[in-house]
Amino acid sequence: MTRTGNRELGGSAATSGQVSKSLTWIPVAEREPAPVASGPAVSGKGTVSTDDFPGKVVVINVWGSWCGPCRLEARDLADASEETTKTAAFVGINVRDNNPEAARAFVRAFKIGYPHIYDPNGEQLVRFAGTLPPNGIPSTLIIDTDGRIAARVIGVVDKATLLGLIDDVYRGK
(Lines give C-alpha, C1' and ligand atoms only; values in the text may rest on other atoms or scores of the structure.)
Protein backbone atom coordinates (compact mmCIF):
# COMPACT_ATOMS: atom_id res chain seq x y z
CA MET A 1 0.00 0.00 0.00
CA THR A 2 2.79 2.36 -0.87
CA ARG A 3 0.99 4.07 -3.73
CA THR A 4 1.75 7.70 -4.46
CA GLY A 5 -0.85 10.02 -3.02
CA ASN A 6 -1.59 8.09 0.16
CA ARG A 7 -1.68 10.22 3.25
CA GLU A 8 -0.22 8.75 6.41
CA LEU A 9 -2.24 10.00 9.33
CA GLY A 10 -1.76 9.41 13.02
CA GLY A 11 1.33 7.34 13.58
CA SER A 12 2.01 8.17 17.20
CA ALA A 13 4.70 6.31 19.08
CA ALA A 14 3.78 4.01 21.92
CA THR A 15 4.17 6.06 25.08
CA SER A 16 2.51 6.23 28.46
CA GLY A 17 0.69 2.94 27.92
CA GLN A 18 -0.65 3.94 24.51
CA VAL A 19 -0.29 1.60 21.56
CA SER A 20 1.00 3.10 18.34
CA LYS A 21 -1.12 3.15 15.23
CA SER A 22 -0.71 4.15 11.65
CA LEU A 23 -3.65 5.21 9.51
CA THR A 24 -3.39 5.29 5.73
CA TRP A 25 -6.11 6.95 3.63
CA ILE A 26 -6.43 6.05 -0.06
CA PRO A 27 -7.84 8.81 -2.31
CA VAL A 28 -10.91 7.64 -4.27
CA ALA A 29 -9.13 7.76 -7.64
CA GLU A 30 -6.31 5.52 -6.37
CA ARG A 31 -8.34 2.79 -4.69
CA GLU A 32 -7.91 -0.80 -5.77
CA PRO A 33 -10.29 -3.73 -5.36
CA ALA A 34 -10.07 -5.48 -2.01
CA PRO A 35 -9.46 -9.22 -1.96
CA VAL A 36 -12.37 -11.31 -0.74
CA ALA A 37 -11.79 -13.23 2.47
CA SER A 38 -14.05 -16.10 3.41
CA GLY A 39 -13.95 -19.10 5.63
CA PRO A 40 -15.51 -20.94 8.51
CA ALA A 41 -17.24 -18.79 11.11
CA VAL A 42 -15.60 -18.52 14.53
CA SER A 43 -19.05 -19.36 15.90
CA GLY A 44 -18.78 -22.78 14.27
CA LYS A 45 -21.96 -22.13 12.26
CA GLY A 46 -21.52 -21.74 8.51
CA THR A 47 -19.12 -19.52 6.64
CA VAL A 48 -18.40 -15.81 6.60
CA SER A 49 -17.34 -13.75 3.59
CA THR A 50 -16.32 -10.13 3.22
CA ASP A 51 -18.28 -10.18 -0.03
CA ASP A 52 -21.65 -10.71 1.67
CA PHE A 53 -22.48 -7.02 2.21
CA PRO A 54 -23.15 -5.23 -1.11
CA GLY A 55 -23.78 -1.51 -0.84
CA LYS A 56 -22.22 -1.22 2.60
CA VAL A 57 -18.85 -0.05 3.81
CA VAL A 58 -17.06 -3.18 5.04
CA VAL A 59 -14.75 -2.99 8.04
CA ILE A 60 -12.33 -5.90 8.24
CA ASN A 61 -10.50 -6.32 11.54
CA VAL A 62 -7.67 -8.84 11.94
CA TRP A 63 -7.25 -10.03 15.52
CA GLY A 64 -6.24 -12.87 17.82
CA SER A 65 -7.44 -13.78 21.30
CA TRP A 66 -3.79 -13.87 22.43
CA CYS A 67 -3.23 -10.24 21.32
CA GLY A 68 -3.21 -7.60 24.07
CA PRO A 69 -3.79 -4.64 21.72
CA CYS A 70 -6.74 -6.55 20.21
CA ARG A 71 -8.31 -6.58 23.66
CA LEU A 72 -7.83 -2.80 23.90
CA GLU A 73 -9.81 -2.14 20.72
CA ALA A 74 -12.42 -4.92 20.91
CA ARG A 75 -15.14 -2.95 22.69
CA ASP A 76 -14.67 0.10 20.42
CA LEU A 77 -15.06 -2.13 17.36
CA ALA A 78 -18.18 -3.74 18.80
CA ASP A 79 -19.70 -0.36 19.69
CA ALA A 80 -18.90 1.13 16.27
CA SER A 81 -20.45 -1.87 14.53
CA GLU A 82 -23.65 -1.43 16.55
CA GLU A 83 -23.82 2.29 15.71
CA THR A 84 -23.29 1.87 11.95
CA THR A 85 -25.53 -1.08 11.03
CA LYS A 86 -27.29 0.92 8.30
CA THR A 87 -24.11 1.92 6.50
CA ALA A 88 -21.41 -0.58 7.45
CA ALA A 89 -20.79 -4.25 8.06
CA PHE A 90 -17.94 -5.54 10.23
CA VAL A 91 -16.09 -8.80 9.67
CA GLY A 92 -13.35 -10.07 11.93
CA ILE A 93 -10.55 -12.34 10.80
CA ASN A 94 -9.25 -14.35 13.73
CA VAL A 95 -5.65 -15.47 13.14
CA ARG A 96 -3.20 -17.76 14.90
CA ASP A 97 -5.69 -19.13 17.42
CA ASN A 98 -5.16 -22.89 17.20
CA ASN A 99 -8.23 -23.52 19.32
CA PRO A 100 -11.48 -22.00 18.05
CA GLU A 101 -12.83 -22.00 21.61
CA ALA A 102 -10.28 -19.30 22.55
CA ALA A 103 -11.64 -17.14 19.72
CA ARG A 104 -15.23 -17.82 20.78
CA ALA A 105 -14.43 -16.89 24.37
CA PHE A 106 -12.90 -13.59 23.18
CA VAL A 107 -16.04 -12.77 21.16
CA ARG A 108 -18.27 -13.59 24.15
CA ALA A 109 -16.13 -11.67 26.65
CA PHE A 110 -16.25 -8.48 24.59
CA LYS A 111 -19.87 -8.96 23.48
CA ILE A 112 -18.97 -8.66 19.80
CA GLY A 113 -22.01 -9.18 17.61
CA TYR A 114 -20.52 -9.15 14.13
CA PRO A 115 -19.24 -12.29 12.30
CA HIS A 116 -15.66 -13.54 12.28
CA ILE A 117 -13.70 -15.80 9.97
CA TYR A 118 -11.65 -18.46 11.77
CA ASP A 119 -8.24 -18.36 10.03
CA PRO A 120 -5.71 -20.09 12.32
CA ASN A 121 -3.12 -20.53 9.56
CA GLY A 122 -3.45 -17.05 8.09
CA GLU A 123 -4.68 -18.26 4.71
CA GLN A 124 -7.22 -15.43 4.43
CA LEU A 125 -4.77 -12.86 5.79
CA VAL A 126 -2.32 -13.78 3.00
CA ARG A 127 -4.91 -12.53 0.49
CA PHE A 128 -4.10 -9.04 1.75
CA ALA A 129 -0.33 -9.34 1.21
CA GLY A 130 1.08 -5.95 0.32
CA THR A 131 -1.82 -4.27 2.09
CA LEU A 132 -1.69 -5.78 5.57
CA PRO A 133 1.55 -6.92 7.17
CA PRO A 134 1.29 -10.52 8.43
CA ASN A 135 2.58 -9.49 11.86
CA GLY A 136 0.62 -6.23 12.05
CA ILE A 137 -2.04 -7.42 14.46
CA PRO A 138 -4.41 -5.83 15.09
CA SER A 139 -5.09 -4.35 11.67
CA THR A 140 -8.26 -2.85 10.23
CA LEU A 141 -9.28 -2.17 6.64
CA ILE A 142 -12.14 0.02 5.49
CA ILE A 143 -13.59 -1.14 2.16
CA ASP A 144 -15.78 1.30 0.23
CA THR A 145 -19.21 0.47 -1.19
CA ASP A 146 -17.58 -0.39 -4.52
CA GLY A 147 -15.38 -3.05 -2.89
CA ARG A 148 -12.15 -1.01 -2.94
CA ILE A 149 -9.69 -0.43 -0.11
CA ALA A 150 -10.26 3.08 1.25
CA ALA A 151 -8.27 3.09 4.49
CA ARG A 152 -6.01 0.98 6.63
CA VAL A 153 -5.16 1.14 10.32
CA ILE A 154 -2.21 -0.82 11.63
CA GLY A 155 -2.45 -1.01 15.40
CA VAL A 156 -5.26 -0.26 17.81
CA VAL A 157 -8.20 1.64 16.32
CA ASP A 158 -10.66 3.56 18.45
CA LYS A 159 -14.38 4.12 18.03
CA ALA A 160 -14.11 7.79 17.02
CA THR A 161 -11.63 6.95 14.26
CA LEU A 162 -13.82 4.12 13.01
CA LEU A 163 -16.98 6.23 12.97
CA GLY A 164 -15.20 9.03 11.12
CA LEU A 165 -13.70 6.69 8.53
CA ILE A 166 -16.98 4.87 7.94
CA ASP A 167 -18.87 8.13 7.54
CA ASP A 168 -16.31 9.59 5.12
CA VAL A 169 -16.15 6.43 3.02
CA TYR A 170 -19.92 6.01 2.95
CA ARG A 171 -20.30 9.62 1.75
CA GLY A 172 -17.91 8.88 -1.13
CA LYS A 173 -14.78 10.57 0.16
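Keep in mind it's a predicted model, so treat the numbers as computed, not measured.
The shortest side-chain heavy-atom distance between S49 and V36 falls under the 4.5 Å cut-off. Residues R31 and D144 meet the side-chain proximity criterion, which asks for heavy atoms closer than 4.5 Å. In this structure, the side chains of L141 and N61 stay at 4.5 Å or more apart for every pair of heavy atoms. Between I166 and T87, the closest side-chain pair of non-hydrogen atoms falls below 4.5 Å. By the 4.5 Å heavy-atom criterion applied to side chains, R75 and D79 are counted as neighbours. Residues F90 and T84 are in side-chain contact: their nearest non-hydrogen atoms beyond the backbone lie under 4.5 Å apart. Residues I137 and C70 meet the side-chain proximity criterion, which asks for heavy atoms closer than 4.5 Å. Counting only heavy atoms from C-beta outward, the side chains of D97 and N99 never approach each other to under 4.5 Å.
Rounding to the nearest 0.5 Å places CG of L132 at 8.5 Å from OG1 of T140. Annotation: the span from D158 atom CG to L77 atom CG amounts to 9.5 Å, rounded to 0.5 Å. Rounding to the nearest 0.5 angstrom, the gap separating the OG1 atom in T50 from the CD1 atom in I117 is 6.0 Å.
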Please evaluate residues E123 and R96 with respect to the criterion salt bridge (Lys or Arg N to Asp or Glu O under 4.0 Å), reporting the C-alpha separation (whole Å), side-chain torsions for both, the decisive distance (0.1 Å), and the verdict. CA-CA 10 Å; E123 293 171 16; R96 292 190 231 139; over 6 Å; no
V169/W25 under side-chain contact (heavy atoms from CB on, under 4.5 Å): CA gap, chis, key distance, verdict: CA-CA 10 Å; V169 170; W25 179 262; 3.6 Å; yes
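E32 has no carboxylate O lying under 4.0 Å from a charged side-chain N of R152, or vice versa, which leaves the two without a salt bridge. Using a 4.0 Å cut-off between a side-chain N of Lys or Arg and a carboxylate O of Asp or Glu, E83 and K159 qualify as a salt bridge. Salt-bridge check for R148 with E30: failed, with every basic side-chain N at 4.0 Å or more from each acidic carboxylate O.
In terms of heavy atoms, D119 sits closest to L125 at OD2-N, 3.1 Å. P138 approaches E73 most closely through the heavy-atom pair CB-OE2, 2.9 Å. Nearest heavy atoms, S81 versus Y114: OG-CD2, 3.4 Å. The heavy-atom pair separating F106 from G64 by the smallest distance is CE1-O, 4.3 Å. G136 and I154 make their closest contact through CA-CG2, 4.3 Å (heavy atoms, listed as atom of the first residue, atom of the second, distance). The two residues A74 and I112 have their closest heavy-atom pair at CB-CD1, 4.2 Å.
The hydrophobic cluster containing L163 does not contain I142, counting ILVMFWY residues as joined when their side-chain heavy atoms lie under 4.5 angstrom apart, directly or transitively. Grouping the Ile, Leu, Val, Met, Phe, Trp and Tyr side chains by contacts below 4.5 angstrom, directly or via other members, places F53 with I143. A continuous path of Ile, Leu, Val, Met, Phe, Trp and Tyr side chains, each step under 4.5 Å between heavy atoms, connects F110 with V153, placing both in one hydrophobic cluster.
Note: W63 and H116 have perpendicular aromatic rings, judged against thresholds of 30 and 60 degrees for the angle between ring planes.
With hydrogens and angles ignored, the 3.5 Å screen pairs a side-chain donor or acceptor of R71 with a backbone N or O of S65. Using a distance-only test at 3.5 Å, with no hydrogens or angles considered, no donor-acceptor pair links the side chain of T161 to the main chain of V157. Under the 3.5 Å distance criterion, the side-chain polar atoms of N94 are left unmatched by any main-chain donor or acceptor of V62.
In Y170, the OH atom is not crowded: 12 or fewer heavy atoms of neighbouring residues, nucleotides or ligands sit closer than 6.0 Å.
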